[in-house]
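Since the structure is predicted, the reported quantities are computational estimates derived from the model, not experimental observations. Read the numbers this way: they start at 1 and go in the same order the structure lists the ligands and their atoms.
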Amino acid sequence: MQGTRTVLDEYVMSRPRSAELAERARKVLPSGVTHEKRWMRPFPPYIAEADGSHKRDADGHELVDYVMGHGALLLGHNHPRIVEALERQVRRGSHLGGSHELEVEWAEAVAGLVPSAEVVRFTSSGTEATQIAIRLARAFTGRPKILKLHGHFHGWHDAVAKTQSPPYVPREIPGVPEPVASQTISVPADVRAVARAFRDHDDLAALILEPSGASYGASPLPDGLLEAAREATRQHGALLIFDEVVTGFRWAPGGAQQRYGILPDLTTLAKVLAGGLPGGAVAGRRDVMSLLEHAESEEDAARRVVHQGTFNANPLSAVAGRTCLAVIADGRPGKRAEELAARLRSGLNERFEALGVPGCAYGESSICHVIVGDEVRNRTAGDLRRPALPPEVLKLKGSNRRLAWLFGLAMILEGVDLFAGSAFVSAAHTESDVERTIEAFERAVSRLRAEGEL
Ligand SMILES: Cc1ncc(COP(=O)(O)O)c(C=O)c1O
């Protein structure tokens, strides 16, 4: 059948159940989705179930899954130890209405793994984690402004809503009043731009960044930026916040800060932290975190940072999180995922070269980004960390948006689900998944060529 039907036609024809669910969804959910990133034309595949490195859609198609819970599932779907721990806990209560042992164990695990984490406060998401980290930085320094980098994503709250995606031009952000938006300064991920921002603004409470570079390394940081960020924040009395929502427990058991040997003042965590359930945390220096402590005097009460949350460290997230952290602690699952990701990146680049297709596979740690359609001067048939393309093109994973979309659809048709052009590789993936993905890539390329799209 291939060659007679377009990728789009075949996608629509082979997924009637997903189409039907999408139609129902559009009536009750904005654009039919519950997360912007899940929206796709003509409709997203509806997923019925998942296990290990695979999932099955509502029409019965099996997929190698690289979405992996938006990066939360470093151990793959349904890791037996996490499932067992959850099954036991769900019968003992999903909210115990009080303090419990699991949250202590979970916090001990975080403090034991993350080098700069002296004290931990749990939240229910990564967005909440960056929100409370920023409030702590403002309260600690007594300064109002936050410095962020273009393209770096820290969740959806007001303080980090600007410059999430290119073009990075000043614009109104609907729903965020200008006096609020103007408290956040955003500059390119560039050593000199960061230094200049600290010279120009003496009221910066913190610099927050993704230590991998924007979007878990899609747009890698220039060499020396983390060192410069550490130095500038120290010199200017501001805090350095590493947003390790993705890199935490993935770049190393102790996160990017352990891998690169640079310690922030505060770290935000989520995803792998909670073993596949909702959960986040801010962790860091005891003196900064002490602002969350119970106030013993009126003077203390005036300095205190408020923070609540009904489901903070709920026992299900806590048990999944502490079990996940116990499994990843020796670094072996992370290493395994990394080896497979490196194999995937190299294998794809071999095919890019062999087939003469513009684009590349690249990335760091257990992540593989794929760009199709842009010529990449420094590509070889091997692994690649930093493609020679402008940061904005890297952030969007390619300049040809139509081609990126059709490539994603074609990969789904060939049995592989990428996450907006990226693969979160887990310890549950196998060599055979990687082989299958590379073969799927070849077939996707020939489909797109047959249609004249590539
Ligand atoms: C680096 C980073 N920070 C923060 C967040 C927000 O986390 P959550 O989706 O749990 O609110 C994300 C989510 O993808 C992220 O990638």
Exercise. Which is it for His70 and His35 under the ring-ring contact (aromatic ring centres under 6.0 Å, His included) test, yes or no, and what are the steps along the way?
Worked result: CA-CA 11 Å; His70 294 207; His35 187 302; 4.7 Å; yes
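Residues lining ligand 1 at a heavy-atom distance below 4.0 Å are given as Ser125, Gly126, Thr127, Phe153, His154, Gly155, Glu210, Asp243, Val245, Val246, Lys271, ordered by chain and residue number.
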Name every donor-acceptor pair, under 3.5 Å, that has one atom in a side chain of residues 214-221 and the other anywhere in the protein, sequence neighbours excluded.
unit_1	atom_1	unit_2	atom_2	d
Ser215	OG	Lys395	NZ	2.8
Ser219	OG	Pro391	O	3.4

Anything under 3.5 Å between a donor and an acceptor, one on a side chain of residues 90-99, the other on a protein residue two or more places apart or in another chain? List them.
unit_1	atom_1	unit_2	atom_2	d
Arg91	NH1	Glu87	O	3.1
His95	ND1	Gly97	N	3.0
His95	NE2	Thr310	O	2.8

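Scored by the side chain to side chain donor-acceptor pair (under 3.5 Å) test, Arg386 finds Asp223 as partners (sequence neighbours excluded).
In this structure, Tyr66 has its ring center under 6.0 Å from that of His429.
With rounding to the nearest 0.5 Å, the separation of CZ in Phe249 from CD in Glu244 is 8.5 Å.
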